[in-house]
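Here the structure comes first, spelled out in C-alpha cells, and everything after it is commentary.
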Amino acid sequence: MHTRHSDTYQLGDRQVKRIGYGAMQLAGPGVFGPPKNIEAAHEVLREAIASGVNHIDTSDFYGPYVTNKIIREALAPYPDDLVIVSKIGARRDDKANWLPAFSAPELRQAVESNLTNLGIEQIEVINLRLMFGTHAPEEGSLEAPLSVLAELQQEGLIRHIGLSNVTMTQIEEAKKICNIVCVQNHYNLVHRHDDAMIDALAAEGIPYVPFFPLGGFTPIQSTRLNELAKQHQATPMQLALAFLLQRSENILLIPGTGSVAHLRENLAAAELTLSPELIDELNALA
C-alpha cells in the first residue's frame with residue numbers, strides 16, 4: 001500500500017527509517033536485571049535489522065548494563081547504516097530506583113560505559129535525560145550537564161547531542177550551548193502535552209522521538225480504539241503508531257518489544273494510511 005508520509009527523516013547527519021526499535025524491553029521486568037531468554041532478545045534485534053530498522057534507542061541504565069551488551073552480542077560488527085542512540089543522566093540503585101546522575105564524573109563515566117558495553121569508539125547520539133521531574137519535564141537549568149556533554153563531543157566520544165524529558169525553555173537554553181539533533185519526550189495518542197513543541201521542532205527540522213508511543217508500562221487502553229482498529233483490519237497499537245507517523249514528518253518512533261511477532265506488527269504500521277475522518281476519531285481519544 002502506498003504511504004503518503006515519508007519513510008525516512010534526518011537524525012543528526014544520517015537518514016533513518018521513521019520506525020526504529022527501543023531496547024528498553026530487552027532487560028528484565030521493570031527494566032531491571034537480565035531478560036528470561038537472552039537468545040530471544042538476540043532474535044528480536046536481528047529480525048529488526050533484517051526488516052530494515054536502522055535506528056536503535058538504548059541506554060546503559062536499562063538493566064543496568066544489560067541491553068547494550070545484548071545489542072553488542074546480537075549485532076556487532078554493526079551495519080554501516082545503523083544509528084545507535086543512547087541516553088544518560090540517570091542511574092539505578094540495587095532496589096531498581098531511578099536516580100539522577102548529573103555530576104561531571106557521572107556523565108563522563110556513563111558515556112564511557114555506553115561505549116564499552118556497545119563495543120564502539122563513538123556514539124552517534126547521546127540524549128541528556130533530565131531528572132528535575134521523574135514522570136514529566138520540570139524547569140531547571142541544563143547548562144552544567146550539557147557543557148560536560150559538549151566537552152565529550154569535542155573529544156570525539158559523542159557525535160551528536162539530544163535531549164530527553166525537557167521543556168521548550170530548556171530546548172532554547174540548550175541550543176545556545178550546542179547543536180541539538182533530537183528531543184525525546186513522553187507522547188502518544190492519548191498523552192498529547194507536547195503538540196506545540198512537535199510543531200516548533202518540525203519547523204526547524206529537529207526530530208521528535210516519543211517515548212512510550214504505545215503507552216509504555218501501561219499500554220493504551222480504549223474501547224473506541226479497539227473498535228476503530230477492528231473496522232480497519234489493524235491492531236490498536238498499529239493505529240496508534242500510524243497516527244504518530246501521520247501526526248508530523250519529524251516524529252521518529254522507537255516502539256519496544258521482546259517478541260518477533262510484535263516487532264513485525266509494529267513495523268507494519270508504516271504501511272497504513274489513515275483517512276482524515278479516522279484521524280479525527282483518533283484525535284478525539286485524547
Side-chain angles (χ1 to χ4, degrees), residues 1 3 5-9 11 14-60 62-63 65-87 114 117-120 123-125 182 184 188 207 209-217 219-220 229 233-245 251-273:
M1 187 189 304
T3 51
H5 47 74
S6 165
D7 293 334
T8 64
Y9 198 78
L11 174 58
R14 309 277 289 274
Q15 284 284 324
V16 296
K17 297 272 181 69
R18 287 186 60 211
I19 301 190
Y21 177 78
M24 181 188 256
Q25 291 188 34
L26 294 183
V31 203
F32 199 68
K36 283 207 258 314
N37 186 335
I38 295 264
E39 197 37 61
H42 291 165
E43 191 185 346
V44 170
L45 285 163
R46 290 180 186 132
E47 177 67 24
I49 298 300
S51 302
V53 166
N54 60 359
H55 170 206
I56 290 179
D57 182 87
T58 184
S59 174
D60 232 16
Y62 296 162
Y65 316 118
V66 168
T67 61
N68 283 350
K69 289 175 180 171
I70 289 174
I71 289 167
R72 182 183 187 173
E73 289 161 3
L75 301 180
Y78 301 108
D80 290 342
D81 69 337
L82 178 62
V83 175
I84 298 178
V85 177
S86 192
K87 70 185 75 58
N114 271 283
N117 288 326
L118 286 166
I120 54 179
I123 192 143
E124 194 75 24
V125 183
C182 58
Q184 192 176 100
N188 55 47
V209 187
F211 63 75
F212 298 158
L214 300 174
F217 299 113
I220 295 168
Q233 287 148 358
T235 70
M237 298 300 104
Q238 283 174 330
L239 277 198
L241 292 173
F243 171 84
L244 293 173
L245 288 175
I251 288 182
L252 297 178
L253 299 181
I254 47 165
T257 177
S259 146
V260 167
H262 280 159
L263 172 75
R264 289 177 181 149
E265 278 182 14
N266 290 342
L267 295 176
E271 303 301 316
L272 297 175
T273 300

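We use all heavy atoms of the structure for the numbers below, so side chains are in, but hydrogens, waters and symmetry mates are not.
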Name all residues meeting the side-chain contact (heavy atoms from CB on, under 4.5 Å) criterion together with Arg46; count only those two or more places apart in sequence or in a different chain, and write none if there are none.
Glu39, His42, Ala74, Leu75
With sequence neighbours left out, the residues meeting side-chain contact (heavy atoms from CB on, under 4.5 Å) with Gln25 are none
Determine the minimum heavy-atom distance between [X] and [Y], stating which atoms define it.
X	Y	answer
Asn266	Pro255	ND2-CB, 3.7 Å
Met24	Thr67	O-CG2, 4.4 Å
Val66	Gly33	CG2-O, 3.7 Å
Cys182	Leu11	CB-CD1, 3.8 Å
Tyr21	Gly256	CE1-CA, 4.3 Å
Leu241	Leu253	O-CD1, 3.5 Å

Of Ile70, Ile71, Asp60, the one forming a side chain to side chain contact (heavy atoms under 4.5 Å, CB included) with Asn117 is Asp60
From the list Ile49, Val85, Val16, side chain to side chain contact (heavy atoms under 4.5 Å, CB included) with Ile56 holds only for Ile49
Just to verify, what does Arg14 make a salt bridge (Lys or Arg N to Asp or Glu O under 4.0 Å) with, not counting sequence neighbours?
Glu124
State which residues pass salt bridge (Lys or Arg N to Asp or Glu O under 4.0 Å) with Asp57; sequence neighbours excluded, sorted by chain then number.
Lys87
Got [X] and [Y] here, is their nearest side-chain heavy-atom distance under 4.5 Å?
X	Y	value
Lys17	His55	no
Ile220	Pro236	no
Gln184	Ile254	yes

So, the side chain of [X] versus the backbone of [Y]: is there a donor-acceptor pair under 3.5 Å, distance only?
X	Y	answer
Glu271	Ala268	no
Ser259	Ala261	yes
Arg18	Ile251	yes
Tyr78	Gly119	no

Nearest 0.5 Å, please: how far is [atom2] in [Y] from [atom1] in [X]?
X	Y	atom1	atom2	result
Asn188	Leu244	CG	CG	7.0 Å
Lys69	Thr58	NZ	OG1	12.0 Å
Leu245	Leu272	CG	CG	9.0 Å
Thr257	Leu263	OG1	CG	7.0 Å
Ile123	Ser86	CD1	OG	4.5 Å

Under the ring pair (Phe, Tyr, Trp, His ring centres under 6.0 Å) test, which residues partner Phe211, sequence neighbours left out?
His186
Does a sphere of radius 6.0 Å around CD in Glu43 hold more than 12 heavy atoms from other residues, nucleotides or ligands, not counting ones at 6.0 Å or beyond?
no
Sort and list the pairs that fulfil salt bridge (charged side-chain N to carboxylate O under 4.0 Å, His left out) and have at least one residue in residues 71-83, not counting sequence neighbours.
none
